[in-house]
Each structure stands twice: as C-alpha cells, then as structure tokens.
Number of protein chains: 2
Amino acid sequence: MRPLFHPSIDDVTVEAILHALSDPVRVAIFARIAGSDCSQSCSNFLTVSEKAVPKSTLSQHFKALREAGLIRGERRGVEMHNSPRCAEIERRFPGLISAIVNAHKVQSAGKPPPLPTAAAGRRKAPRRRG
Amino acid sequence: MRPLFHPSIDDVTVEAILHALSDPVRVAIFARIAGSDCSQSCSNFLTVSEKAVPKSTLSQHFKALREAGLIRGERRGVEMHNSPRCAEIERRFPGLISAIVNAHKVQSAGKPPPLPTAAAGRRKAPRRRG
DNA sequence: TCTATTGTTCCTAAATTCCGAACTAACGAA
DNA sequence: TTCGTTAGTTCGGAATTTAGGAACAATAGA
C-alpha cells in the first residue's frame, strides 16, 4: 500500500481546493471533518446526506481532499484518521475555507430536510454497468 | 442561435460556482470581469495568462460561468457584453466571491511573472489530435 | 492460523472536456 | 441586394476524468 501524499501548503492551489469542494459528497465530508473536534475515519461517511457512497468511490474522494491539501490522513491500525488543514489554508488563503463552508451551510439550510419516505424518489438513478 | 440562459439567484449553487472557478482560465476570466467597471466582450480573452485559448473553448467557458450564475451575458450587435453578478451572489453567499478572488490574487502574486522568452517552455504541451 | 474490518487498487463504462471545422448572426460597404 | 468581416455558437470525435464493482492488502482479534 502506497504511502499517503500530502502537498506542502505552498503547493496548494485555489483551483485544486475549489475543484475538490465542487462535489456535493466531498464538501459534505469536508464540512463534517472541519466542523468536528476529533478526527474522522473514512467509514463514517459510507452514507452522506442520506445517500450511500460505495467505498471505492469514498476512497477516491478522500484522496482528492488530501491531494488538494484540505485534509491530512493518518493510518492508525486498520483505519484512517482524517483531520482538516484549515489553519494552514487560512494563513495562505484568508477567509476562503470559512466562506465556502458557510455558503455550504446556507445552501443546506435553504432546502427542506428530505422526508425519509420520499427520499428514494429524489435519489439520482444508479448507473447500470455492463 | 439559442437565447442565453441565466439561472435565478436562488437556483445558484455553491457546487456550480466552485466548479466553474476551479478552472484556471475561468477564474482568470471571472476575476477580470469582476474587477472591471465596464462589461467585457468574450474576444477580450482570446489569450488568458499568456496562453492562447481557442474560441470554441472560450465560448464553453463563458457558458459555464453564465450557467453557474457568476456572470450575465447580453448580446449587443455582433458582440457579447459580460458583467459580473457579484452583488446578487454576495447576498446569497456572503463573502464567498471575494474570498475566492482574493485567494486567486494571492496565488497569482506568489508566482513570479513569466519571462516572455521563457514562457513557451512552461506552457502546457498541446494535446495531439487524430 | 482463520475471520472480520478498513481502506486501496484495478478495470471498464459513462460522463465530461477540449478544440478544429463548420456554422449563424449582425454589421458595413459597394 | 450581395459580399466580406467580425463575434460567437454548435457539431463531432478524441482525450481525459470519474464512478463503482471486484479483487486485493493490511491490521487486529480469536
């Protein structure tokens, strides 16, 4: 298993951050990691916003967040501990992360919480494979 | 020619904004439109950050910015006038746009201005087509 | 050992992006 | 009117990126 790659803060780009956070699942993951005071393991996110996320996809999402410089991952035993790099990013790009997380909150607050029984109908149809 | 589509401000999403601005050419375009006091035509951006942008690509970039709700385009005669929708977005997502534009400035300031003679070597190699 | 748990890698299909070529639309001149 | 120019769009196909199932690797406990 390959060691985890984390960019130095000076190599972190706005483009990479915005791209990483332009995915609804990834912002949701990041918002929760950034908002928590203890590190989160990947498996805490096997469902995100009522939607199941396959673990291979989840792994890719975490890789994207790590390589954008948004989180730091550390393997501890069988699981991974993920923590935000907010402080570093704040020094490099003041106000960026909080504005994005805030906007995400505004948007989440704007749409009513999905009713459990109606949720299935709103879910994106699964893609069928060969 | 199809009429231009502009989302209502309430339909504008953080994800769409971040995705639109996660492209280096598009942030550069948007930063210039947002920073100018007069509207800008598309053809002003046939070269962006010393790099030529094919006009079909440019057209797609403007479409992406419009449909993300970041700019408003208006056809006047043969050309298009593009203006930012910063005020509306600021009301919906306070601080978001300015943080991103600021971050983009920080990043641009960080890298030294490319020397004209050396610029060609740093350009991304063009993809070869069939 | 064997088994369970957590996460990664591989592989292929689907989606997205890029950009040259062909096109449309507005304008001015003859 | 028709021709030519300019500004931008659309089309089509190749390249790139993404999604997720299956197989795998690594750790821990029994």
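Letters A, B, ... are given to chains in the order of the sequence lines, protein chains preceding strands, and every chain is numbered from 1.
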Between His61(A) and Ser56(B), which residue's closest nucleotide on DNA chain D lies nearer the 5′ terminus?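 Checking each residue's closest nucleotide, the 5'-ward one belongs to Ser56(B).
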
On DNA chain D, compare the nucleotides closest to Met80(B) and Asp23(A); which residue's is nearer the 5' end? Met80(B)

Does the distance from a Lys or Arg side-chain N to an Asp or Glu carboxylate O, for Arg72(B) and Glu74(B), drop under 4.0 Å?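 No.
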
OP1 or OP2 of [N] versus the side-chain N and O atoms of [X]: is any pair under 4.0 Å?
| X | N | value |
| --- | --- | --- |
| His19(A) | dT18(D) | yes |
| Ser59(B) | dG8(D) | no |
| Thr57(A) | dA19(D) | no |

Contact nearer the 5' end of DNA chain C, comparing Gln60(B) with Lys55(B):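 Result of the comparison: Gln60(B).
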
Among [options], the one nearest [X] by side-chain distance:
| X | options | answer |
| --- | --- | --- |
| Leu4(B) | dT9(D), dA25(C), dG7(C) | dT9(D) |
| Pro54(A) | dG21(D), dT5(C), dT10(D) | dG21(D) |
| Ser43(B) | dT27(D), dG20(C), dG8(D) | dG8(D) |
| Glu79(A) | dA26(C), dT10(D), dG7(C) | dG7(C) |

Sole candidate of Asn82(A), Ile33(A), Ile17(A), Ile29(A) that passes side-chain contact (heavy atoms from CB on, under 4.5 Å) when paired with Leu70(A): Ile17(A)

